[in-house]
Amino acid sequence: MYTAPRGTIDILPEDQPYWNLLRREIERVTAQFGYQRIDVPCFEDTSLYVRGVGEGTDIVDKEMYSFQDKGGRDITLRPEFTAGIVRAYIEHGMRTLPQPVKLYTMGPIFRYERVQAGRYRQHTQFDIECIGEQDPAVDLEVMSLAWQLYANLGFKGLAFQLNSTGCPKCRPAYVERLVAYYQGHTHEICADCKRRLERNPLRLLDCKNEGCQPIIADAPHTSDHLCDECAEHFATLTGYLDALERPYTINHRLVRGLDYYTKTVFEVWAQGIGSQNAVCGGGRYDGLAEELDGPPTPGIGFGSGMERLVLAMKEQGLAAPAAPAPQVVLVHLGQPAKTAAIVLLQQLLSRGVQAQIGFGDRSMRSQMRGANRLGARFALIIGEQELAEGVVVLNDLTGEQPEQRLPLADAAAAVATLL
RNA sequence: GUGGGCGUAGCCGAGUGGUCAAGGCAUCUGGUUGUGGCCCAGAAGACCGUGGGUUCGAAUCCCACCGCUCACCCCA
């Protein structure tokens with residue numbers, strides 16, 4: 001038997017109400033904040049991600065779905081949205097538009113990872129990018145949009161994590177300081193951390209090994225070693241957040257796995273959906289456009305995992321409206337009556353009524369059971385007798401009204417007025 | 001890439017060596033002649049993940065493989 005490839009899921013009809021609700025709220029909040037939709041390809045030149053996301057990152061080193069197409073081009077299924085959207089911004093000369101350019105998108109993301117709760121090889125992200133403005137008020141807007149979306153969906157107790165990782169001017173000095181600090185503790189840290197010390201020192205900060213916790217606790221904070229520009233940016237942003245009384249936690253250990261982040265980084269965490277608890281992650285990437293051969297252009301954005309949001313909605317018991325039940329189901333007995341029922345069905349559909357008919361030649365009992373299970377409002381019954389008399393029986397399945405007989409000729413009109 | 005748990009019908013789930021397998025949900029059909037929701041009866045549905053092995057005999061024991069799952073890593 002074929003099964004869905006590892007790390008992929010089928011989103012079945014029973015789950016679609018959650019997705020519909022999510023998409024609807026995303027459309028609403030992006031329109032409210034003035035973000036416009038952009039759709040970029042599901043694959044790009046491999047080098048776009050290698051340069052954008054950065055060599056040495058997990059994504060580039062081991063998680064990309066890369067292949068050569070029949071023309072020999074190196075192609076990669078997108079492992080994130082930002083690089084592709086910034087590429088589109090540059091390619092289409094969007095710097096000539098009023099700045100910043102505010103964009104959003106939704107779609108599948110591919111990363112070859114080991115699967116676990118809330119982590120898939122193909123998942124769906126809602127993504128926001130605000131490109132062309134370095135004002136901390138933009139950082140606030142982007143975070144606010146996420147806030148508003150989650151609030152509209154009814155989430156409670158989501159935790160916003162915030163940090164600043166500096167910029168190319170101040171980060172190297174901080175990393176040096178961090179490395180120096182750790183070199184005094186090499187005998188106390190775990191094997192992973194020894195590797196991180198060589199390869200990616202910032203990641204030392206989010207090690208979960210128990211033995212490393214005291215070392216991390218005393219490690220220098222990124223936010224204490226920012227250059228004046230970055231420090232001011234961070235202070236202004238937190239000042240705005242305080243003015244709005246937005247709850248957030250400055251998480252000195254929040255460092256993100258992509259090279260392009262500068263200054264602001266943030267995540268949103270949800271409880272109860274497994275150990276992969278980030279439902280939103282993003283940050284500022286002021287050097288990315290240049291890295292991709294574009295003009296120097298600041299930008300900030302986030303991605304939010306929709307599968308994880310659905311998990312969180314379920315976890316928090318948030319209801320999603322179910323698909324509408326049919327208003328009318330036609331029940332028939334005998335071939336001539338079935339033909340008449342099909343004609344009546346068409347008349348109802350033409351009037352915009354949500355109507356269905358029972359297929360096959362099942363018993364009336366069976367058809368009535370079926371109508372009831374569909375949650376239909378009315379059953380319209382046509383048998384030999386009704387056909388002979390030119391009537392149709394209207395049965396109110398809610399039991400509120402007794403059965404009544406309607407003239408077949410204008411039954412559709414009569415039923416339509418009842419709904 | 002590393003480690004733990006699991007693998008019996010669409011779903012849940014008994015059964016741990018001896019009538020090729022219980023029950024529940026869901027499905028279908030009936031419960032008098034043309035009527036739903038409750039109830040009752042019946043039917044259909046499993047080569048017990050796959051392949052080896054041990055045994056007179058295995059869903060039950062052993063091995064391998066595959067798959068699922070959780071966790072590490074990392075991320076959404």
Side-chain angles (χ1 to χ4, degrees), chain A residues 1-7 9 12 14 53 56-63 78-82 106-128 146 190-193 195-196 199-200 202-203 206-210 254-258 265-270 273-282 301-312 329 331-334 337 358 360-387 393-399 402-403:
Chain A
M1 182 174 71
Y2 284 111
T3 56
R6 167 163 266 204
I9 56 167
L12 301 174
E14 64 200 41
V53 176
T57 60
D58 274 20
I59 288 180
V60 170
D61 282 358
K62 54 185 201 190
E63 295 178 359
R78 65 181 176 212
E80 59 118 36
F81 269 118
T82 306
M106 264 183 273
I109 293 292
F110 306 88
R111 290 182 201 166
Y112 189 84
E113 302 185 87
R114 285 295 291 265
V115 301
Q116 69 184 83
R119 192 173 70 190
Y120 310 97
R121 288 182 176 176
Q122 177 184 332
H123 75 279
T124 315
Q125 276 187 25
F126 159 53
D127 184 270
I128 284 289
C190 67
D192 282 340
C193 277
R195 210 185 62 239
R196 293 189 183 102
R199 215 168 137 256
N200 198 342
L202 277 182
R203 298 233 69 91
D206 67 358
C207 179
K208 282 146 195 149
N209 189 300
E210 216 173 291
L254 180 64
V255 291
R256 295 179 48 75
L258 290 74
V265 292
F266 66 96
E267 291 186 354
V268 180
W269 294 351
I273 59 172
S275 66
Q276 305 304 313
N277 61 354
V279 294
C280 175
F302 68 76
S304 190
M306 294 176 69
E307 284 81 359
R308 287 186 190 174
L309 288 173
V310 169
L311 282 175
V329 169
V331 173
H332 49 82
L333 220 57
D361 295 302
R362 292 194 282 199
S363 68
M364 172 164 288
R365 171 199 202 83
S366 174
Q367 292 183 64
M368 289 297 287
R369 273 184 178 159
N372 189 253
R373 243 170 323 172
L374 289 170
R377 176 74 209 283
F378 294 109
L380 272 179
I381 304 165
I382 307 182
E384 304 290 357
Q385 293 171 18
E386 288 76 14
L387 193 57
V393 172
L394 177 72
N395 182 312
D396 183 347
L397 290 165
T398 63
E403 272 190 1

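Because the structure is predicted, anything quoted here is derived from the model rather than measured. In what follows, chains carry the letters A, B, and so on, assigned in the order in which the sequence lines appear, proteins first and then strands, with residues in each chain numbered from 1.
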Does a distance-only test, which skips hydrogens and angles, find a donor-acceptor pair under 3.5 Å between the side chain of [X] and the base of [N]?
{"X": "A:R365", "N": "B:G31", "value": "yes"}
{"X": "A:R114", "N": "B:C75", "value": "no"}
{"X": "A:E63", "N": "B:C73", "value": "no"}
{"X": "A:Q385", "N": "B:G34", "value": "yes"}
{"X": "A:R369", "N": "B:G30", "value": "yes"}
{"X": "A:E403", "N": "B:U35", "value": "yes"}

Would you mind telling me which of [options] lies closest to the side-chain atoms of [X]?
{"X": "A:E386", "options": "B:G34, B:C73, B:A76", "answer": "B:G34"}
{"X": "A:L333", "options": "B:U27, B:G34, B:G36", "answer": "B:G34"}
{"X": "A:Y120", "options": "B:G30, B:A76, B:G36", "answer": "B:A76"}
{"X": "A:C280", "options": "B:A76, B:C28, B:G36", "answer": "B:A76"}
{"X": "A:R362", "options": "B:G34, B:C28, B:A76", "answer": "B:C28"}
{"X": "A:Q116", "options": "B:C72, B:C28, B:U35", "answer": "B:C72"}
{"X": "A:H123", "options": "B:G34, B:U29, B:A76", "answer": "B:A76"}
{"X": "A:N372", "options": "B:C73, B:G37, B:G34", "answer": "B:G37"}
{"X": "A:R256", "options": "B:G1, B:U29, B:A76", "answer": "B:A76"}

Short side-chain N/O contact to [N] OP1/OP2 from [X], under 4.0 Å:
{"X": "A:S275", "N": "B:C72", "answer": "yes"}
{"X": "A:S363", "N": "B:G30", "answer": "yes"}
{"X": "A:R6", "N": "B:C68", "answer": "yes"}
{"X": "A:R373", "N": "B:C28", "answer": "yes"}
{"X": "A:R111", "N": "B:A76", "answer": "yes"}

Notebook entry, point to check: In Å and rounded to the nearest 0.5 Å, what is the CZ to CZ distance from A:F126 to A:F81?
Noted result: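 One gets 10.5 Å once the value is rounded to the nearest 0.5 Å.
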Across all strands shown, which nucleotide pairs with [N] by Watson-Crick or G-U wobble geometry, both distances under 3.5 Å?
{"N": "B:A46", "answer": "none"}
{"N": "B:C72", "answer": "B:G1"}
{"N": "B:C6", "answer": "B:G67"}

Check: Is the backbone of A:P79 close enough, under 3.5 Å, to the side chain of A:R111 for a donor and an acceptor to pair up by distance?
Finding: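 Yes; at least one donor-acceptor contact below 3.5 Å.
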Item checked: Under the side chain to side chain donor-acceptor pair (under 3.5 Å) test, residues paired with A:E267 that sit two or more places apart ->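 A:E267 satisfies side chain to side chain donor-acceptor pair (under 3.5 Å) with A:R256, A:W269 only.
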Next item on the list: Take A:A117 and A:V279, find for each the nucleotide of RNA chain B with the closest heavy atom, and name the residue whose nucleotide sits nearer the 5' end.
Entry: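 Nearest-nucleotide comparison on RNA chain B picks A:A117.
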